[in-house]
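Notes follow the structure.
Residue numbers start from 1 in every chain, and the chains themselves are labelled A, B, ... in the order their sequence lines are given, proteins ahead of strands.
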Amino acid sequence: MSDPLATLSTLLAPIFAEINGGAPSDPTVRPSDRADAQINGALPLAKRVGSNPRELAQQIVDSGVLADVASELEVAGPGFINVTFAAAFLQAQLAEVVTDDRLGVARAVDTKRVVVDYSAPNVAKEMHVGHLRSTVIGDSLVRMMEFLGYTVMRENHIGDWGRPFGMLIEHLLDLGEDVASEGLSQGDLDGFYKEANAKFKDSEPFQERARSRVVLLQSNDEDTLVLWRRLVEMSNAYFNRVYTKLGVLLTDDDLAGESQYQSLMTGVHQRLETQGLVRESDGATVVFPAGFKNRDGDPLPMITKSKTGAFMYATSDLACVVDRVERLGADLMLYVVGTPQANHLQMVFEVCRMASWLKEPTQAVHVNFGSVLGADGKMMRSRAGDSVKLVDLLDEAVERADASIAEKNPNMAAEERGAVAQAVGIGALKYADLSTDRIKDYVFDWDRMLAFEGNTGPYLQYAHARICSIFRRATIERSAVRDAPIVLGHAAEKALAMRIMGYPSAIDNTLDSYSPHKLCTYVYELASDFSSFYQECPILKSDEPMRTSRLALADLTARVLEHSLGLLGIVAPEEM
RNA sequence: GCCUUCGUAGCUCAGCCCGGAUAGAGCAGCGGGUUUCUACCCCGUCGGUCGCAGGUUCGAAUCCUGCCGGAGGCGCCA
């Protein structure tokens, strides 16, 4: 761990425990605008042991535990300790980061097996903005956890089963496979679904066909399954094109559709019955998880079987948990699913706990997220009033980025520009989505997300490109400066160095709450610190050895920028 | 009605989990500076009853309670 703040906590732990009579007591080390860091923990500790906070703070200072790392310690206010780090200490810590391929980020000690459930589009239905959030947030969390050394299993829980497939298959037959395939391969999933739905509404005979087809499907009729597979394949081909555009990790290997759990439900339900957890209620088979009430204040059931005897989606989700725990050996399951499903998932998890399928330390977490809003503050809609197609959003982002680059950097060759526009447009879109607290709704705004100023993707990519540009201008290989010592003479250099060393903590904090926006804030602060450094500390114009020292610091900054953006799923071009 | 969740500057958002010193950014406005760089960047300034009211605390945007306002959920769709 390279973070100087974390080092402080480690060094202070013994003396805090000693004063506290042997029990650990958090020294509460925080960043400070009055010094390099401040220690707040003396106040609550003084209260607990009944002594004077300022005297206790002074006692900690006098103990000398920070002698090697601090050049200045000051007791201030009611009992804060302000810390100024010794330059030699910071430089030594920084030197370790420079030579580390992992940029100071240690592998996690206890490596977990994690299932991340994300994206989850529906077969023969268009992907829309809601899928953007799930896909981008899930993908980023996967990248971070993989980097820490967890065993991560991505699962794309696509909606590939259920009643709608009766009408979809019949519509496929009506159109003929070739026509259907053409439409679907062009990405006209919405059209296909709507046509099928319209027929289902208008035509009695079609309804009848659709119903019989569902029965055939559920009894695994081979001819029907062939048609069903065609639909699923065509949709998957389309999803994969969207994933390629979006630049996410999901592949066919990650598909874990609802259909996959159908055969498991009977067994799972059997186990619920054996454990005596199911009840009969109004003809349906249900479980009453503790703590859930309906609108009348009565216990709220989770329905596992309808009165017609059909399994419900909750049952499928139960089977899914069982599969993840028992077959995949998951210690942790993340469900990157919208907030509206909160109640449903909580009930599923609670039932799993009742059935002992989910028990400590195994955890299931609903990584929920809010909606994407239009400028009017309402759910984002297209002009026609439909939900916005994800693919249109992606294309428009790239087009806008391309136009912007063409206008402002006309020197860039057209073929190069294409790749850069891809990185900038998609990066802007992803960053806009990731940079606000996932729990909250956010307002979608093209101009803001594509701006080169402020907390945006392009600003961060630009900071990276600028550093690359310095090396290009000077015709120096970036790798050539990595052996050089970095001297932190200027305040801006020190601030930048400390930020760089805070990278491991930024990742930890992000994963503590599965909140990618925390890493975004870190990257933005890193880019800001670099801008200040760049403004105040001439690089190429300065004399040796300062010149090489500053080049080395710039190079290290670029490495952290590129890497951290990479964890967000964002590409950092060398030029833009 | 019950449950969950959100409410911070004109706008868009951090900070809340784990209580600390004058509540921070960006955009927009105003005033400077720099231009080793590529569209920039840096500094200053203007701007806030942290939804409201209580409570706990030496100390509350942060914890607790109540209320107000918005969103979502609440039996056989997924």
>> So if I take every side-chain heavy atom of A:R466 and compare against B:C40, B:A39, B:G20, which nucleotide ends up nearest?
In response: B:C40

> Base, sugar-phosphate alone, or nothing: which one does A:S513 contact when heavy atoms must sit under 4.0 Å apart?
Replying inline: nothing

> Between B:G20, B:C76, B:C13, which nucleotide has the shortest distance from any of its atoms to the side chain of A:F80?
Replying inline: B:G20

> Does B:U4 pair with anything, Watson-Crick or G-U wobble, both distances under 3.5 Å, and if so, with which nucleotide?
Replying inline: B:A71

>> So, OP1 or OP2 of B:A14: does either fall under 4.0 Å of a side-chain N or O from A:K440?
In response: yes

>> Side chain of A:N343, heavy atoms from C-beta onward: which of B:C18, B:C13, B:G73 has the nearest atom to it?
In response: B:G73

> Could you give the CG-to-P distance, from A:D33 to B:G20, as a whole number of Å?
Replying inline: 13 Å

> Between B:G20, B:C74, B:C42, which one does the side chain of A:L300 approach most closely?
Replying inline: B:C74

> Does B:G66 have a Watson-Crick or wobble mate here (both distances under 3.5 Å), and if so which one?
Replying inline: B:C52

> Looking at the side chain of A:N294, which of B:A21, B:U36, B:C74 is the nearest nucleotide?
Replying inline: B:C74

> Rounded to the nearest 0.5 Å, how far does OG of A:S32 lie from CG of A:N40?
Replying inline: 8.5 Å

>> Under 6.0 Å between ring centres: does that hold for A:Y313 and A:H344?
In response: yes

> What distance, rounded to whole Å, do you find between the two P atoms, one in B:A14 and one in B:C6?
Replying inline: 11 Å

> Looking at the side chain of A:R34, which of B:U22, B:C42, B:U36 is the nearest nucleotide?
Replying inline: B:U22

> Among B:A14, B:G20, B:U36, which is the nearest nucleotide to the side chain of A:H517?
Replying inline: B:A14

> Can you tell me how far C1' of B:C42 sits from OH of A:Y534, to the nearest Å?
Replying inline: 12 Å

>> Pick the closest RNA chain B nucleotide for A:D26 and for A:K47 by heavy atoms, then say which residue is nearer the 5' end.
In response: A:D26

>> Taking only the P atom of each, what is the distance from B:G7 to B:U62 in whole angstrom?
In response: 12 Å

> Among B:A14, B:C18, B:G20, which is the nearest nucleotide to the side chain of A:D437?
Replying inline: B:A14

>> Quick check on RNA chain B: between A:F533 and A:F311, whose nearest nucleotide comes earlier from the 5' end?
In response: A:F533

> For B:C37, does either OP1 or OP2 sit under 4.0 Å from a side-chain N or O belonging to A:R473?
Replying inline: yes

>> For a side chain to side chain contact (heavy atoms under 4.5 Å, CB included) check, start with the C-alpha distance between A:V136 and A:F369, then their side-chain angles and the critical distance, and finish with the verdict.
In response: CA-CA 11 Å; A:V136 166; A:F369 54 83; over 6 Å; no

> Atom CD1 of A:I476 and atom C1' of B:C37: how far apart are they, to the nearest Å?
Replying inline: 15 Å

>> Can you see whether A:Y335 has A:R324 sitting over its ring - NZ or CZ less than 6.0 Å from the centre and within 45° of the normal?
In response: yes

> Quantified in whole Å, what is the C1' atom distance between nucleotide B:G10 and nucleotide B:C46?
Replying inline: 12 Å

> Any idea which of B:G75, B:U22, B:C18 is nearest the A:D512 side chain?
Replying inline: B:C18

> Of all the choices, B:C76, B:G20, B:C13, which nucleotide is nearest to the side chain of A:L43 once you look at every atom?
Replying inline: B:G20

>> Say we look at B:G54 and B:A60: how far apart would their C1' atoms be, to the nearest angstrom?
In response: 13 Å

>> From CG of A:L496 over to P of B:C41, roughly how many Å is that when rounded to an integer?
In response: 17 Å

>> Whole angstroms only, please: what is the CD-C1' distance between A:Q346 and B:G72?
In response: 12 Å

Under 3.5 Å, which protein N or O atoms sit close to an N or O of nucleotides 26-33 of chain B? Give each pair with its distance.
unit_1	atom_1	unit_2	atom_2	d
B:G33	N2	A:Q535	NE2	3.1

>> My understanding is that a pair needs two contacts under 3.5 Å, Watson-Crick or G-U wobble. By that rule, which nucleotide pairs with B:C27?
In response: B:G10

> Who is the Watson-Crick or G-U wobble partner of B:C58, with both distances under 3.5 Å?
Replying inline: B:G20

> With a 4.5 Å limit on heavy-atom distance, are the side chains of A:D36 and A:V83 in contact?
Replying inline: no

> Who is the Watson-Crick or G-U wobble partner of B:C41, with both distances under 3.5 Å?
Replying inline: B:G33

